2 protein chains.
Amino acid sequence: MPQHLIRKLEQFACLAPADKRALEDAAARKVRLFGPHQDIIGEGDEPEHVNLILEGWACRYKQLEDGRRQIISFFLPGDLCDPHVFVLREMDHSIGTITPVRLAEIHRDQILHVTEEHPRITQALWWEMLVTAAIQREWTVNLGQRTGRERIGHLLCELFIRLRGVGLTEGDSCLLPVTQVDLGDATGLSNVHVNRVLQELRASGLIVLRGKRLTIPDLEALQRVALFNLNYLHLYREGPDFDANGSDQPLA
Amino acid sequence: MPQHLIRKLEQFACLAPADKRALEDAAARKVRLFGPHQDIIGEGDEPEHVNLILEGWACRYKQLEDGRRQIISFFLPGDLCDPHVFVLREMDHSIGTITPVRLAEIHRDQILHVTEEHPRITQALWWEMLVTAAIQREWTVNLGQRTGRERIGHLLCELFIRLRGVGLTEGDSCLLPVTQVDLGDATGLSNVHVNRVLQELRASGLIVLRGKRLTIPDLEALQRVALFNLNYLHLYREGPDFDANGSDQPLA
DNA sequence: CGGCGGCTTGAGCTGGATCAATTACCGTGG
DNA sequence: CCACGGTAATTGATCCAGCTCAAGCCGCCG
């Protein structure tokens with residue numbers, strides 16, 4: 001079931017068949033379905049388990065008292081919503097679906113068990129946590145320094161490359177099941193302005209966007225326009241003989 | 001030496017004397033001094049150890065090719081710069097000082113050793129990592145949704161409360177050793193505009209700022225103006241009989 | 001005393017916001 | 001097959017928060 005997670009982790013580590021089976025097992029215990037635009041967990045709730053997105057898109061968001069809403073990150077298939085969140089008492093933000101979502105609820109004991117038995121997975125989850133943090137930092141840069149066109153371009157690059165990492169692109173295109181309002185909430189722009197920026201990107205041939213399908217004919221060109229530097233996604237890969245046992249896991 | 005770190009962690013967990021000794025020991029091995037406006041580690045470098053700020057202010061930042069610079073987070077005394085960073089091959093951002101800084105370089109094995117022997121510390125470091133991530137998310141909201149005055153107000157609230165947590169406030173005031181350019185780089189505003197916002201906050205009596213000393217006569221008022229909600233700092237505290245052994249550590 | 005980094009202030013400009021329609025795109029029921 | 005209703009995309013017009021440029025000022029240090 002969790003092919004996407006496995007595929008993602010394999011960008012970093014080589015997992016043995018037993019590792020994969022352990023992940024499959026953990027993700028099969030409890031599967032839940034959500035409709036579009038539904039909260040998976042809300043601010044103030046107590047997190048009880050780790051959610052693994054199996055299918056569909058979701059997002060982390062925060063709403064200010066006066067209604068302004070910021071999307072803090074997108075969750076794509078294969079993404080884990082905080083593999084450790086139960087250390088904290090309550091959620092300081094919400095997680096909601098964008099499309100219909102199928103997810104696996106993984107109990108904390110499961111996580112504990114899997115990571116105890118499978119050092120490669122532990123190592124790979126560390127990598128995934130650190131990359132998630134790096135993405136969050138990059139969003140800070142995006143919102144703080146980039147212009148509208150750069151922000152949107154950057155976000156599209158990131159999403160495309162992340163989707164590619166879990167096998168959800170076809171050639172130079174992918175699905176982009178978000179509204180322009182969502183894009184605005186993620187980039188700190190108004191929906192009207194998002195619309196205009198998208199037109200501009202279309203007009204300069206940097207993207208093709210029809211319905212929910214995004215095509216990026218020349219990814220490098222878009223990256224250039226958006227000042228997108230791949231390094232923060234840390235997509236190097238350890239050698240095939242990589243063995244997590246050989247390198248100690250910090251904090252573990 | 002690492003009183004600030006200990007004090008910070010004690011906001012969350014009760015540390016035994018042995019725990020504190022272990023932290024003191026780890027932080028005493030290798031101490032380094034930096035001048036102001038110096039890089040501690042740069043983008044592209046390979047991280048070799050964990051840095052613990054003992055004294056002074058530093059920041060994480062990222063510079064775009066054309067010179068635009070975003071401060072991604074501030075490091076205050078007691079802050080750890082990524083207690084796990086060596087999982088990644090190279091830095092995707094830089095860390096630089098603001099004031100002169102005294103820091104402890106902690107070797108990864110040290111961290112490993114301390115966390116193996118001291119579950120309460122492990123738990124507390126998890127808490128600190130998660131709060132760091134929450135702060136990063138809040139910055140995303142800050143940059144994406146808040147107005148200039150709200151952004152600056154929010155940042156000042158956050159810094160004040162974090163400083164208070166490590167014992168570096170005196171009553172309603174603290175040191176704020178950053179330039180207005182720095183504040184601009186952190187909030188995505190121009191230095192000129194930062195200046196005007198500060199004037200405005202001063203004029204409305206929300207802050208007193210003379211030289212490097214910031215006074216917040218009415219913190220709640222400033223919080224209200226900045227739409228600052230304390231919850232993301234997770235400053236509840238476990239009971240005095242809290243014992244990390246009783247609650248499993250995830251991923252460990 | 002002169003130089004320099006940082007703070008202030010003024011003036012004019014603009015990226016992006018807001019407000020207000022209008023139009024395209026469904027999915028649904030008749 | 002079409003009419004209907006709701007959501008999302010688009011367009012136009014106007015406004016403003018925050019930017020840029022430029023100059024002056026202040027305090028500190030060599």
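On a predicted model such as this, the values are computed, not experimentally measured, just so you know. Residue numbers start from 1 in every chain, and the chains themselves are labelled A, B, ... in the order their sequence lines are given, proteins ahead of strands.
Protein atom CG of Asp182(A) is 8 Å distant from nucleotide atom P of dA8(D), rounded to whole Å. To the nearest angstrom, C1' of dG15(C) lies 14 Å from CD1 of Ile152(A). The separation between Glu200(A) atom CD and dG15(C) atom C1' is 11 Å, rounded to whole Å. To the nearest angstrom, P of dG16(C) lies 12 Å from CG of Leu143(A). Between the C1' atom of dT11(D) and the CZ atom of Arg202(A) lies a distance of 13 Å, rounded to the nearest Å. To the nearest angstrom, P of dA9(D) lies 11 Å from CD of Gln199(A).
Sorted by first and then second residue, the ring pair (Phe, Tyr, Trp, His ring centres under 6.0 Å) pairs with a member in residues 144-171 of chain B read His154(B)-Phe228(B), His154(B)-Tyr232(B); sequence neighbours excluded. Pairs engaging residues 131-141 of chain A under the salt bridge (Lys or Arg N to Asp or Glu O under 4.0 Å) rule: Arg137(A)-Asp92(B), Glu138(A)-Arg146(A), Glu138(A)-Lys62(B) [sequence neighbours left out]. Residue pairs meeting the salt bridge (Lys or Arg N to Asp or Glu O under 4.0 Å) criterion with at least one member in residues 153-167 of chain B, sequence neighbours excluded, are Asp79(B)-Arg162(B), Glu158(B)-Arg162(B). Listed by first and then second residue, the side-chain hydrogen bond (donor to acceptor under 3.5 Å, both in side chains) pairs involving residues 216-231 of chain B are Glu43(A)-Asn231(B) (not counting sequence neighbours).
Between Lys212(B) and dC7(C) there is a side-chain polar atom (N or O) within less than 4.0 angstrom of OP1 or OP2. Residue Asn195(A) places at least one side-chain N or O under 4.0 Å from the OP1 or OP2 atom of dT10(D). For dT8(C), the OP1/OP2 oxygens have a side-chain nitrogen or oxygen of Gln180(B) closer than 4.0 Å.
Nearest heavy-atom pair, Leu52(B) versus Ala27(B), reported as atom, atom and distance to 0.1 Å: CD2-CB, 3.9 Å.
In this structure, Arg210(B) reaches neither bases nor backbone, as no heavy-atom distance under 4.0 Å exists between it and the strands shown.
Thr99(B) has its side chain out of reach of Lys212(B): every pair of non-hydrogen atoms, C-beta onward, lies at least 4.5 Å apart.
Rotation axes derived from the C1' atoms of the five outermost pairs at either end of the helix from dT8(C)-dA23(D) to dG30(C)-dC1(D) lie 40° apart, to the nearest 10°.
At least one donor-acceptor pair closer than 3.5 Å links the side chain of Gln145(A) to the backbone N or O of Arg69(B). Side chain of Thr97(B) to backbone of Pro100(B): no donor-acceptor contact under 3.5 angstrom is found.
Side chain of Thr179(B), nearest nucleotide from dT8(C), dA9(D), dG6(C): dG6(C).
Under the 3.5 Å distance criterion, with hydrogens and angles disregarded, a donor-acceptor pair is assigned to the side chains of Thr140(A) and Gln136(B).
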Protein proximity profile, nucleotides 15-30 of chain D - base contact B, sugar-phosphate-only contact S, no contact -, cut-off 4.0 Å on heavy atoms: ---SSBB---------

